[in-house]
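Structure incoming, see below.
Just so it is clear, the values below take in all heavy atoms, side chains as well, and ignore hydrogens, waters and symmetry mates. So that the names make sense, note that chain A is the first sequence line, chain B the second, and so on, each numbered from 1.
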Number of protein chains: 2
Amino acid sequence: MTTAGAAQRRETTRREYNANLAECPGHEVLAALSDKWVTLIVSALADGPLRHGELARTVAGATQKMLTQTLRRLERDGLVTRTVTGTVPPRVDYELTDLGHDILPLQRAIKAWAETHIDRVHAARERYDGRHQEPRC
Amino acid sequence: MTTAGAAQRRETTRREYNANLAECPGHEVLAALSDKWVTLIVSALADGPLRHGELARTVAGATQKMLTQTLRRLERDGLVTRTVTGTVPPRVDYELTDLGHDILPLQRAIKAWAETHIDRVHAARERYDGRHQEPRC
DNA sequence: CAGCATCCTTTGGGATACTG
DNA sequence: CAGTATCCCAAAGGATGCTG
């Protein structure tokens, strides 16, 4: 019997689709860049290496958990290096790799686009909201 | 008493921080672009207007809910227009606005960066995983 | 055909406390 | 000081069924 066929095939299709998306370079990069803290950490490190604590202070607002988590990901992706010095008290420095530096221009490009177009977006939003949320009566 | 002071002030700081982030043009744009479906919908519409159903088929893998939700956001942000024709059966066309077309170069830039650098990222990941997950015995 | 509304599962993120 | 582990909540996302 093929009763479970329809729903199941859709599910499969979706998985494959998501897998394709995940493997698409463009999406990988977007996913990485758009992470709430990645941009901030990378910017913070743009001027030179920082210790964990310094980073925590610079990127105020980030949980310690998020900080470590994000740094691990960045390290894994080869965007930052993690250097441990001594054991007690431990000292850990984070520094941007060449690859890490390479994303700065891209970030700047996005920022530039944003700054030149964001006004239009905001204007559009106001128009939309005015048209849709205001009482009709 | 100021017992609740510490935790509460941290909370407040965090909120303000997030608010600042949300208002930062760069992050707004990143948040918009990095949405799982935005890229796909925008690309799909790059060649010309499409009906809801056509879009659903083109961007296979997207839930109907996600599709509509994303389209509403794009409409609100002034990136697409939504045109309703007739009432029964309804026909709705979605088309990229000028502003919508303007993000195509940016998407291409990201894609280009991704394609030239993704190999290094993947290599870094393999190195990292090899170093950290393999049994040390 | 287009698109709400509802329900339910999964995930992400935050607070807290503990270890080398 | 740097990092891990645990708990917990809010939000995102998906499936389904109903309406103009």
Salt bridge A:Arg51-A:Glu54, side-chain N to carboxylate O under 4.0 Å: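 No, no charged N to carboxylate O under 4.0 Å.
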
Along DNA chain C (nearest heavy atom to each residue), the more 5'-positioned of A:Pro89 and A:Arg73: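 Its nearest nucleotide lies further toward 5', so the answer is A:Arg73.
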
Parallel, tilted or perpendicular: ring planes of A:Trp37 versus B:Tyr17, cut at 30 and 60 degrees: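 Parallel, since the angle between the ring planes stays under 30°.
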
Residues B:Asp93 and B:Arg91 bridged, charged N to O under 4.0 Å: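 The answer is yes: the pair qualifies as a salt bridge.
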
Per B:Arg72 side chain, nearest of listed nucleotides C:dC4, D:dG14, D:dG3: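 From the listed options, C:dC4 comes nearest.
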
Donor/acceptor link under 3.5 angstrom from B:Gln64 side chain onto base of C:dC4: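 Such a pair exists between side chain and base.
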
Length of the line joining B:Met66:CE and D:dA15:C1', which is rounded to integer Å: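 Computing the B:Met66:CE to D:dA15:C1' distance gives 12 Å.
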
Which residue lies more 5' along DNA chain C, comparing B:Thr68 with A:Lys36 via nearest heavy atoms: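 Going by which nucleotide is closer to the 5' end, it is B:Thr68.
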
A:Arg125/B:Glu28 ion pair, N-O < 4.0 Å: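 A salt bridge is present here (some side-chain N lies under 4.0 Å from a carboxylate O).
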
Side-chain N or O of B:Arg51 closer than 4.0 Å to phosphate OP1/OP2 of C:dC1: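 So the side chain of B:Arg51 is outside the cut-off, no N or O lying under 4.0 Å from OP1 or OP2 of C:dC1.
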
A:Arg82 vs D:dG3: side-chain N/O to OP1/OP2 distance below 4.0 Å: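 Affirmative; the distance criterion is met.
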
Between C:dG3 (C1') and B:Arg91 (CZ): distance, integer Å: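 Value for this atom pair: 17 Å.
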
Salt-bridge contact A:Arg120-B:Asp98 (side-chain N to carboxylate O under 4.0 Å):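 No, A:Arg120 and B:Asp98 are not salt-bridged.
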
Phosphate OP1/OP2 of D:dG3: any A:Tyr94 side-chain N/O under 4.0 Å: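 So the side chain of A:Tyr94 is within the cut-off, an N or O lying under 4.0 Å from OP1 or OP2 of D:dG3.
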
Phosphate OP1/OP2 of C:dC7 contacted by B:Lys65 side-chain N/O (<4.0 Å):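 Checking C:dC7 against B:Lys65, no side-chain N or O comes under 4.0 Å of OP1 or OP2.
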
For atom CG of A:Leu21 and atom P of D:dG14, their distance in whole Å: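 That distance rounds to 11 Å.
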
Separation of D:dA2 P from A:Glu75 CD (nearest whole Å):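 In whole Å, D:dA2 P and A:Glu75 CD are 15 Å from each other.
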
Contact nearer the 5' end of DNA chain D, comparing A:Pro90 with A:Asn18: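 Nearest nucleotide further toward 5': that of A:Pro90.
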
Separation of atom CG in B:Leu40 from atom P in D:dG13, rounded to whole Å: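 That distance rounds to 13 Å.
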
Separation of atom CG in B:Leu67 from atom C1' in C:dC4, rounded to whole Å: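 Interatomic distance, CG of B:Leu67 to C1' of C:dC4: 14 Å.
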
A:Gln69 CD - D:dG3 C1' separation (whole Å):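 Taking atom C1' of D:dG3 as the reference, CD of A:Gln69 is at 13 Å.
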
B:Leu55 CG to C:dC1 P, straight-line distance once rounded to whole Å: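 Result: 15 Å.
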
